[in-house]
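Notes for the one structure printed next.
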There are 2 protein chains.
Amino acid sequence: MLQGGYTISDLVREFGVTARTIRYYEEIGLLKPHRTAGQQRIYSRRDRARLKLILRGKLLGFSLQEIAELIQLYEIDPTARRQYEEGLKLAHKHLAEIRRRIEELKHLEEDLVEAIQQTEAEYQKLIADEGHQKH
Amino acid sequence: MLQGGYTISDLVREFGVTARTIRYYEEIGLLKPHRTAGQQRIYSRRDRARLKLILRGKLLGFSLQEIAELIQLYEIDPTARRQYEEGLKLAHKHLAEIRRRIEELKHLEEDLVEAIQQTEAEYQKLIADEGHQKH
DNA sequence: CAATCAGTTAACGTTAACGTTAGTTGATGT
DNA sequence: ACATCAACTAACGTTAACGTTAACTGATTG
């Protein structure tokens, strides 16, 4: 635990991703860790929280591009009016998208439950028929 | 509308995807349309429903691999016991995954709403401060 | 019947999100 | 002091999910 921050392998251990992945997120601008004199990366608690958010987004099937837009809300320069407006606009868009997905997923869940029930019923019938067979 | 089925461009128009995409889904085994004598593809209502399900899954961020597993439940040979068991097992796995995603998305929604509210408050303050400026 | 059109195959190209390998450097235990 | 890490950069490789282009075929229409 380098002077109050995390090394890359700390995060690798904690989140179960590779160092390449973490560096890649930096490459595309999702993370901006500080460096020691020797060029080693140091991740702050803020960086760690960001990474956690990125990985949550990925598990939900969002692209890194979408995640980048989402994260932007947390990175607004508190004196820049234009940034607030754009950030909030984007955030509302994503909020709508999230809600849409929740509804769609619920719909899919219902369909799947129904299909499972029907399939299980058919399966029971098959088993019963097998039981009645003389051979 | 070729003898009671859909042509590929019917589906292209209806769903707003390219013909390449539809053929690709066939390439990887997600669709199996019949053919006319002249090799032209004809999609049944069943094929069309499948495509719809595939596209729904994609909009939810599932991979075609995951979608393929999901669809499998609808394609069980009603005499094959082993298929029922595997299909149902997979279906339950996916059901759990869908429910997990719903919960995670709700969580994300809450976080986002909170962040938006806070950002909007800061934004209002910024506007107010700008109003008080003499210049 | 020539030409246009919708559809087809085959093959190579592209982008996102990393994996993998090689070669280098700064820190560390013995 | 030496070797062994852990981390670094740079560059090429890989997979999924298509896009794009070329060259062909069958049907249709003026």
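Please read all numbers here as calculations on a predicted model, not as lab measurements. Here is how names work: the chains are called A, B, and so on, in the same order as the sequence lines, proteins then strands, and each is numbered from 1.
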Practice problem: Could you tell me which residues satisfy side chain to side chain contact (heavy atoms under 4.5 Å, CB included) with Gln117(A), sequence neighbours excluded, listed by chain and number? | Solution: Val113(A)

Quiz item: In whole angstrom, what separates Glu26(B)'s CD from dT8(C)'s C1'?
Solution: 11 Å

Quiz prompt | Residue pairs, two or more places apart or on separate chains, that pass salt bridge (Lys or Arg N to Asp or Glu O under 4.0 Å) and touch residues 109-120 of chain A | solution = Glu109(A)-Arg99(B), Asp111(A)-Arg56(B)

Quiz item: In whole angstrom, what separates Ile22(B)'s CD1 from dT9(C)'s P?
Solution: 13 Å

Quiz item: Please, which pairs that meet ring-ring contact (aromatic ring centres under 6.0 Å, His included) have at least one residue in residues 28-47 of chain A, sequence neighbours excluded?
Solution: none

Quiz item: Residues in side chain to side chain contact (heavy atoms under 4.5 Å, CB included) with Arg81(A), at least two apart?
Solution: Glu85(A), Tyr123(B), Leu126(B), Ile127(B), Glu130(B)

Exercise. Select from Ala37(A) and Ile28(A) the residue whose nearest nucleotide in DNA chain C is closer to the 5' end of that strand.
Key: Ile28(A)

Self-check item: For Phe62(B), all residues meeting ring pair (Phe, Tyr, Trp, His ring centres under 6.0 Å), sequence neighbours excluded
Solution: none

Exercise. Quick one, give me the B/S/- string for nucleotides 8-16 of chain D, reading 5' to 3', where B means a protein heavy atom under 4.0 Å from the base and S means that only happens at the primed atoms, P, OP1 or OP2.
Key: SB-------

Practice problem: Take atom CG of Leu11(B) and atom P of dA6(C), then tell me their distance rounded to the nearest Å. | Solution: 16 Å

Quiz item: Do the side-chain N or O atoms of Ser9(B) get closer than 4.0 angstrom to the phosphate oxygens (OP1, OP2) of dG7(C)?
Solution: yes

Practice problem: Assign each of Arg13(A) and Thr21(B) to its nearest nucleotide of DNA chain D by heavy atoms, then name whichever residue's nucleotide is nearer the 5' end. | Solution: Arg13(A)

Exercise. Round to a whole Å and report the spacing from CZ of Phe62(A) to P of dA17(C).
Key: 13 Å

Self-check item: Close side-chain approach of Leu64(A) to Lys58(A), heavy-atom, < 4.5 Å
Solution: yes

